[in-house]
S.K.: 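Before I ask anything, here is the structure I am working with.
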Amino acid sequence: MCGIVGIVGKQRVNQWLYDALLVLQHRGQDAAGIVTCEGSNLQLRKDNGLVRDVFRTRHMIDLTGSMGIGHVRYPTAGSSSSAEAQPFYVNSPYGITLAHNGNLTNAEELKRDLFLEDLRHINTTSDSEILLNVLAHELQRLGKLRIDENDVFQAVTGVHRRCRGGYAAVAMIPGYGIVAFRDPFGIRPLVFGKREIKRGTEYMVASESVALDSLGFDLLRDVHPGEAIYIDVQGNLHAQQCADRAGYAPCIFEFVYFARPDSMIDGVSVYKARSRMGQRLARKIQRVVPDHDIDVVIPIPDTSRTAALELANELGVKYTEGFIKNRYIGRTFIMPGQTVRKKSVRQKLNAIDLEFRGKNVLLVDDSIVRGTTSQQIIQMAREAGAKRVYFASASPPIRFPNVYGIDMPSAKELVAYGRTETEVARFIGADWLVFQDLDDLIAAVRKGNQQINRFDTAVFNGDYVTGDVSQQYLEHLEALRSDSAKEGRSVGSYTALDLHNSS
């Protein structure tokens, strides 16, 4: 999962891009990058690390120009090489740069075609570079010295025809403008907005609306599935549908976990969706454990707070904060290796003993992935003096890997893989465990936008919306994503199988 941003302004945009990436930092802590354009000249800074560490004053001074794009990244196959940091650049044609959030499911096929037919060489193991080269080739084949918005849209149409998977991308063409586009299913989020200043109108695209809010841009709308928007250097906005068959199927895990609660995605308030998740989860608890003896509801910070508060209100049970979080530790389910992951949980959370001692506690989390975090947190609750520890997940059991840009582990490393809910409860050490029903999760999100008829729920039911995910492909991902593969892989030792190390 990654965060992308692009701005076409009337003034220097380096500070605005930096500020937007800070707001999107939750979407990736592995690397960050910004490229700006002044006239026909590009200035690029990217490296491993957090936004605040990658960009120093000397870098910001060099990032001149009133147009630019930015990216925050985490790897989906364990790579932390700085060569994978984005945005990527390709010289021909026009000198295009691109930042990408998602994952191409036909990356190997595309890489082969780019080399054999398009005569393009890929320098990294990232499918984001593949996406950039596909776009560049589609523009080059037009054979034009100068291009306009119709040419840009024709090129994006070619991208949609060739690329499969989940992708939201923003690309900058020096001297022309910025183009942003989204896959035909709208799996990964992308929004755009504008703000008026004395010099004219400025436009911004970003992964989440909260980035626009923080910079004073008014949200116009989401980029539709299969649509491209093009903002030229004069500040004119153009939009066109570029996919033959497009329809909403956004990733439901954005609402469960990844997005900030103050964001709007596809017309749905993430905060309200999570609140409804808590309400529906409480009703399930009332059905399956009608005689529960819960004394207190405690969220596992931070993403489960909204659902936990509504759940407590619905049950009529006290809500309290029982864990204090160290905000300088990254998200544990994307950390390579069980040893590092287990250590990080204890570093990340500390229990407040008084909130647990002598009580029957219901812990609420957004999801259970490997079970490592849940297992240790339940043990922490018991060590803090809880009599009984119950557990509720705001999402259903995760039994399948994500293939569209979220670094979930191989299926065999998912705690719910091959286990019943009772067996999962026993594994993590809970006295009882309740998962959200998938229908309730879908209803909780869809209530915000009734026009969304389908979501990508593959991690729960194995229904991959692009229709091209085979067992062979899943086995291929497992070879890349398993902890043993990540621990055994050193930087720089990649093979052709590592293509899916995307944003």
Side-chain angles (χ1 to χ4, degrees), residues 1-4 24 26-28 72-74 76 100-105 127-128 163-169 181-191 206-210 222-227 243 246-261 263-271 273-274 276-277 303 331 333-334 366-367 369 394-409 414 436 438-439 441-449 451-469 474 477 481 500 502-503:
M1 186 60 60
C2 298
I4 61 175
L24 295 174
H26 63 285
R27 299 188 66 87
V72 288
R73 170 187 183 269
Y74 86 73
T76 58
H100 163 225
N101 171 31
N103 193 68
L104 302 180
T105 55
D127 60 357
S128 301
C163 296
R164 298 195 301 270
Y167 51 91
F181 55 93
R182 195 176 178 193
D183 71 79
F185 295 92
I187 298 172
R188 301 266 68 89
L190 191 62
V191 299
S207 293
E208 294 184 36
S209 63
V210 66
D222 298 86
V223 176
H224 298 314
E227 183 184 32
Y248 268 117
C251 175
I252 206 163
F253 213 69
E254 288 278 357
F255 300 92
V256 171
Y257 176 73
F258 261 104
R260 274 183 39 160
S263 284
M264 294 285 295
I265 296 178
D266 292 314
V268 179
S269 162
V270 176
Y271 177 84
R274 289 178 183 168
R276 292 189 290 267
M277 290 176 205
T303 47
R331 291 179 164 184
F333 90 79
I334 64 173
D366 51 74
S367 58
V369 184
S395 66
I398 297 172
R399 305 188 190 279
F400 302 88
N402 183 282
V403 303
Y404 302 125
I406 299 177
D407 185 30
M408 286 185 176
L414 295 166
Q436 183 89 266
L438 181 55
D439 287 345
L441 174 61
I442 293 172
V445 180
R446 188 170 179 265
K447 186 174 181 180
N449 184 354
Q451 294 181 347
I452 302 177
N453 294 318
R454 186 183 184 187
F455 291 90
D456 168 38
T457 57
V459 295
F460 307 121
N461 60 7
D463 180 16
Y464 295 97
V465 297
T466 54
D468 62 335
V469 178
L474 294 177
L477 277 192
R481 292 184 177 181
H500 299 282
S502 76
S503 53

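The figures here come from the full heavy-atom set of this structure, side chains too, leaving out hydrogens, waters and symmetry mates.
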S.K.: Provide the closest heavy-atom pair for V191 versus M264 in the form atom of the first, atom of the second, distance.
M.R.: CG1-O, 4.2 Å
S.K.: Starting at CD of E254, measure out to CG of D456 and round the result to the nearest 0.5 Å.
M.R.: 10.0 Å
S.K.: Starting from the C-alpha separation in whole Å, work towards a yes-or-no answer on side chain to side chain contact (heavy atoms under 4.5 Å, CB included) for F181 and V223.
M.R.: CA-CA 7 Å; F181 55 93; V223 176; 5.8 Å; no
S.K.: Just wondering, do Y248 and Q451 contact through their side chains at under 4.5 Å, heavy atoms?
M.R.: no
S.K.: Run through T466, D468, D127 and flag the one making a side-chain hydrogen bond (donor to acceptor under 3.5 Å, both in side chains) with T105.
M.R.: D468
S.K.: In Å and rounded to the nearest 0.5 Å, what is the CD1 to CE distance from I442 to M277?
M.R.: 11.0 Å
S.K.: Compare all side-chain heavy atoms of F455 with those of L438 and state whether any distance is below 4.5 angstrom.
M.R.: no
S.K.: Using every non-hydrogen atom in the two residues, find where G166 and I187 come nearest and quote the distance to one decimal.
M.R.: CA-CD1, 4.0 Å
S.K.: Do V369 and L414 have side chains that approach each other closer than 4.5 Å (heavy atoms only, starting at C-beta)?
M.R.: yes
S.K.: From C251 SG over to N402 CG, what is the distance, rounded to the nearest 0.5 angstrom?
M.R.: 5.5 Å
S.K.: Taking all non-hydrogen atoms of both residues, which atom of R276 and which atom of V268 are closest, and how far apart?
M.R.: NH2-CG1, 4.2 Å
S.K.: Show the nearest heavy-atom pair for residues N101 and C2, with the distance to one decimal.
M.R.: OD1-N, 3.1 Å
S.K.: Roughly how far, to the nearest 0.5 Å, is CG of L477 from CG of N103?
M.R.: 7.0 Å
S.K.: Say you draw a straight line from CG of D407 to CE of M1; how long is it, rounded to the nearest 0.5 Å?
M.R.: 10.5 Å
S.K.: Could you tell me the separation between the CG atom of L24 and the NE2 atom of H26, rounded to the nearest 0.5 Å?
M.R.: 6.0 Å
S.K.: Is there a donor-acceptor pair closer than 3.5 Å between any side-chain N or O of R182 and the backbone N or O of E227?
M.R.: no
S.K.: For R27 and A259, work out which heavy atoms get closest and say how close.
M.R.: NH1-CA, 4.5 Å
S.K.: Using the six-membered ring wherever Trp is involved, compare the ring planes of F460 and F253 and label them parallel, tilted or perpendicular (cut-offs 30° and 60°).
M.R.: tilted
S.K.: Does the side chain of I265 come within less than 4.5 Å of P250's, by heavy atoms?
M.R.: no
S.K.: Are F255 and D366 close enough, and set up right, to give a side chain to side chain contact (heavy atoms under 4.5 Å, CB included), and what steps lead you there?
M.R.: CA-CA 10 Å; F255 300 92; D366 51 74; over 6 Å; no
S.K.: Scan I4, D183, D266 and name whichever one has a side chain to side chain contact (heavy atoms under 4.5 Å, CB included) with L190.
M.R.: I4
S.K.: Taking all non-hydrogen atoms of both residues into account, name the closest pair between L474 and Y464 and its distance.
M.R.: CD2-OH, 3.7 Å
S.K.: Do T303 and R274 touch side chain to side chain, with heavy atoms closer than 4.5 Å?
M.R.: yes
